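Working notes, beginning with the structure itself.
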Amino acid sequence: MDCAAEVLAGTPRAVARLISWLEDEDERAHPCMEQLHPHTGNAYIIGITGSPGAGKSTLTDRLTRRLRQHDLTVGIVAVDPSSPFTGGALLGDRVRMSQLSTDPGVYIRSMATRGFLGGLARATGEVVKVLDASGKDVIIIETVGVGQDEVDIIGIADTTCVVLVPGQGDAIQSMKAGIMEIADIFVINKADHAGADQLWSEVCFRIEQDSSIKMREWAPPVVKTVAVEDQGVEELRQAVLGHRAYLEASGRLLENRRERTRRETLRMIHEELFRLVRKHLADGGKLDLLVEDILNRRRDPYSTMREVLQNLLNIEAPEKPGNGVTAVKGP
Ligand SMILES: Nc1nc2c(ncn2[C@@H]2O[C@H](COP(=O)(O)OP(=O)(O)OP(=O)(O)O)[C@@H](O)[C@H]2O)c(=O)[nH]1
Ligand SMILES: [Mg+2]
């Protein structure tokens, strides 16, 4: 069986191999991804984000068990942009999710062990597609909510859950920094800790006050959980169901996915074009020669830019004049 057929059949080994190819930017992934595309778009994608140690993995584990009780298969992608080299998250998640790892209806993949900082969001998007095509009903992306990467990742999820914990000074701070816009659901985890009720009230107050939320039809619910005790997890599942129902009824699900597809397509074209330009300019030290000429005023950068693009597009265009296609002469 070829790669795509094996992934479609849900063979874990084939899924793992394809994901490794994607991580290594191995070109063997491309034909496979092309064949998988028509089989994607069926999974529901949940993002779980929050600060380090907030309980994201524990919540993911408990939520997954609930989903399994409802006969849904689950793919889990644990993204850890903060520690790409240690692989610590992988080990931790394996331990915390140990019960799930023997369940054939669950596939867990950690994205912490390799490089690709910057391309992390893209790689995560691709991995989600692989799991989607492999037949997983729900895909959960766990990501540490720091920096810019998280915003990209949130662009992948249909429902984004932001996990806050009591006793963290930065919770309300981070709510100012755009978290209001990205949260579809707020989770107050570690509700067994002091200050949980206060945090809950503060978050509810913020939501009420937030003008951007008032404009929208969806006000994020605030769910209290004690993940380690499996408390509030059913409420969280219900909240996700509620958000999904809203997205579907309002047409937002399709609209959000259209926007995501637009971004992905543009990014893909952009990246490939960039790669081609770099390759073209590196050939025979072209760039160095151009730079010398520009530096010594034998050329100007503006016409050089136009010339380079023209050359490149002529080389790469699928229908070059002279290849059996008659060039049309200008008037
Ligand atoms: N008391 C209490 N502890 C919790 C709760 N949820 C998780 N923990 C503990 O908090 C610690 C961190 O939990 P994780 O699930 O690994 O948190 P995480 O957000 O995935 O952590 P990173 O992936 O490292 O950012 C673990 O020791 C959990 O047992 C909770 O509701 N109450
Ligand atoms: Mg974790």
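Treat the numbers as computed from the prediction; the structure is a model and nothing was measured.
- Between the Arg297 side chain and the Leu295 main chain, a donor and an acceptor come within less than 3.5 Å of each other.
- Between Val15 and Ser134, the closest heavy-atom pair is CG2-CB, 3.8 Å.
- Dense packing is recorded around CZ of Arg257, with more than 12 heavy atoms of other residues, nucleotides or ligands lying under 6.0 Å away.
- Formation of a donor-acceptor pair under 3.5 Å by the Thr11 side chain with backbone atoms of Val7 is not found in this model.
- Contact of the Arg237 side chain with the Leu241 side chain is registered, since non-hydrogen atoms from C-beta on lie closer than 4.5 Å.
- Residues Glu255 and Arg258 meet the side-chain proximity criterion, which asks for heavy atoms closer than 4.5 Å.
- With hydrogens and angles left out, the side-chain atoms of Thr159 and Tyr44 include a donor and acceptor closer than 3.5 Å.
- Residue pairs meeting the side chain to side chain donor-acceptor pair (under 3.5 Å) criterion with at least one member in residues 31-40, sequence neighbours excluded, do not occur.
- Ion pair Glu229/Arg62 not flagged as a salt bridge, since none of the NZ, NE, NH1 or NH2 atoms sits closer than 4.0 Å to an Asp/Glu carboxylate oxygen.
- With Thr49 contributing its side chain and Val162 its backbone, the two residues share no donor-acceptor pair below 3.5 Å.
- Trp218 and Leu253 fall within the same hydrophobic cluster, where Ile, Leu, Val, Met, Phe, Trp and Tyr residues are linked whenever their side-chain heavy atoms come under 4.5 Å apart, directly or through other members.
- Asp61 and Arg65 are joined by a salt bridge, as a carboxylate oxygen and a charged side-chain nitrogen come within less than 4.0 angstrom of each other.
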For this session: Please assess Met33 against His30 for the test side chain to side chain contact (heavy atoms under 4.5 Å, CB included), listing each intermediate value before the final yes or no.
Result: CA-CA 5 Å; Met33 291 305 285; His30 293 179; 5.8 Å; no

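- Side-chain contact between Val165 and His193 is absent, with no heavy-atom pair separated by less than 4.5 Å.
- The two residues Thr73 and Gly135 have their closest heavy-atom pair at OG1-O, 3.3 Å.
- Proximity of a side-chain donor or acceptor of Lys136 to a complementary backbone N or O of Val128 within less than 3.5 Å is not detected.
- Applying the salt bridge (charged side-chain N to carboxylate O under 4.0 Å, His left out) test to Glu248 and every residue at least two apart in sequence or in another chain returns Arg244.
- In Arg262, the CZ atom is not crowded: 12 or fewer heavy atoms of neighbouring residues, nucleotides or ligands sit closer than 6.0 Å.
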Problem set entry | Intermediate values then yes/no, side chain to side chain contact (heavy atoms under 4.5 Å, CB included), Glu272 and Leu276 | CA-CA 6 Å; Glu272 182 60 11; Leu276 287 173; 4.1 Å; yes

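- We find the CD-CD1 distance between Glu126 and Ile156 to be 9.5 Å, quoted to the nearest 0.5 Å.
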Problem set entry | Verdict with supporting geometry, Val74 and Asp137, side chain to side chain contact (heavy atoms under 4.5 Å, CB included) | CA-CA 6 Å; Val74 182; Asp137 299 311; over 6 Å; no

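- Residues Leu36 and Ala4 share a closest heavy-atom pair of CD2-O, 3.7 Å.
- Rounding to the nearest 0.5 Å places CG of Leu63 at 5.5 Å from CD1 of Ile46.
- For the side-chain contact (heavy atoms from CB on, under 4.5 Å) test, residues two or more places apart in sequence or in another chain that qualify with Ala191 are Ala196, Lys224, Val226.
- In this view, Glu259 satisfies the side-chain hydrogen bond (donor to acceptor under 3.5 Å, both in side chains) rule with no residue, not counting sequence neighbours.
- Note on Val163 and Val228: separate hydrophobic clusters, where clusters join Ile, Leu, Val, Met, Phe, Trp and Tyr whose side-chain heavy atoms are under 4.5 Å apart, directly or indirectly.
- In this structure, CG on Leu281 lies 10.0 Å from CG on Asn311, to the nearest 0.5 angstrom.
- Within 6.0 Å of CD in Gln69 there are more than 12 heavy atoms belonging to other residues, nucleotides or ligands.
- When all heavy atoms of Val223 and Ala239 are compared, the pair lying nearest together is CG2-CB, 4.0 Å.
- Between Cys204 atom SG and Phe186 atom CZ the span is 10.0 Å, to the nearest 0.5 Å.
- When every heavy atom of Ala227 is checked against every heavy atom of Asn189, the shortest pair comes out as N-OD1, 3.0 Å.
- Proximity of a side-chain donor or acceptor of Asp26 to a complementary backbone N or O of Arg28 within less than 3.5 Å is detected.
- One distance of note links CD of Glu142 with OG1 of Thr60; it measures 4.5 Å at 0.5 Å rounding.
- Using a distance-only test at 3.5 Å, with no hydrogens or angles considered, no donor-acceptor pair links the side chain of Asn296 to the main chain of Arg298.
- A distance of 11.5 Å separates CG in Asn256 from CD1 in Ile45, rounded to the nearest 0.5 Å.
- Residues Ile140 and Val77 fail the side-chain proximity criterion, which asks for heavy atoms closer than 4.5 Å.
- Between Lys129 and Glu264, the closest side-chain pair of non-hydrogen atoms falls below 4.5 Å.
- Checked for salt-bridge contact, Glu23 and Arg109 meet the test: a charged N lies under 4.0 Å from a carboxylate O.
- Side-chain contact between Ile188 and Asp197: absent, with no pair of heavy atoms (C-beta onward) separated by less than 4.5 Å.
- Counting only residues at least two apart or in different chains, salt bridge (Lys or Arg N to Asp or Glu O under 4.0 Å) contacts with residues 8-21 comprise Glu6-Arg17.
- In summary, of the residues considered (Leu236, Ile185, Val187, Asp184), a side-chain contact (heavy atoms from CB on, under 4.5 Å) with Pro221 occurs for Ile185 alone.
- Put simply, the residue from Leu131, Asp132, Leu67, Asp158 that forms a side-chain contact (heavy atoms from CB on, under 4.5 Å) with Val138 is Leu67.
- Among all heavy-atom pairs drawn from Gly232 and Thr225, the shortest one is O-CG2, 3.6 Å.
- Looking at heavy atoms from C-beta onward, Lys279 lies in side-chain contact with Arg275 at the 4.5 angstrom threshold.
- Residues Arg206 and Asp210 are not in side-chain contact: their nearest non-hydrogen atoms beyond the backbone lie 4.5 Å or more apart.
- Residues forming a salt bridge (charged side-chain N to carboxylate O under 4.0 Å, His left out) with Arg66 (at least two apart in sequence, or on another chain): Asp230, Glu234.
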Exercise. Which is it for Ile19 and Tyr107 under the side chain to side chain contact (heavy atoms under 4.5 Å, CB included) test, yes or no, and what are the steps along the way?
Worked result: CA-CA 12 Å; Ile19 293 176; Tyr107 186 92; 4.2 Å; yes

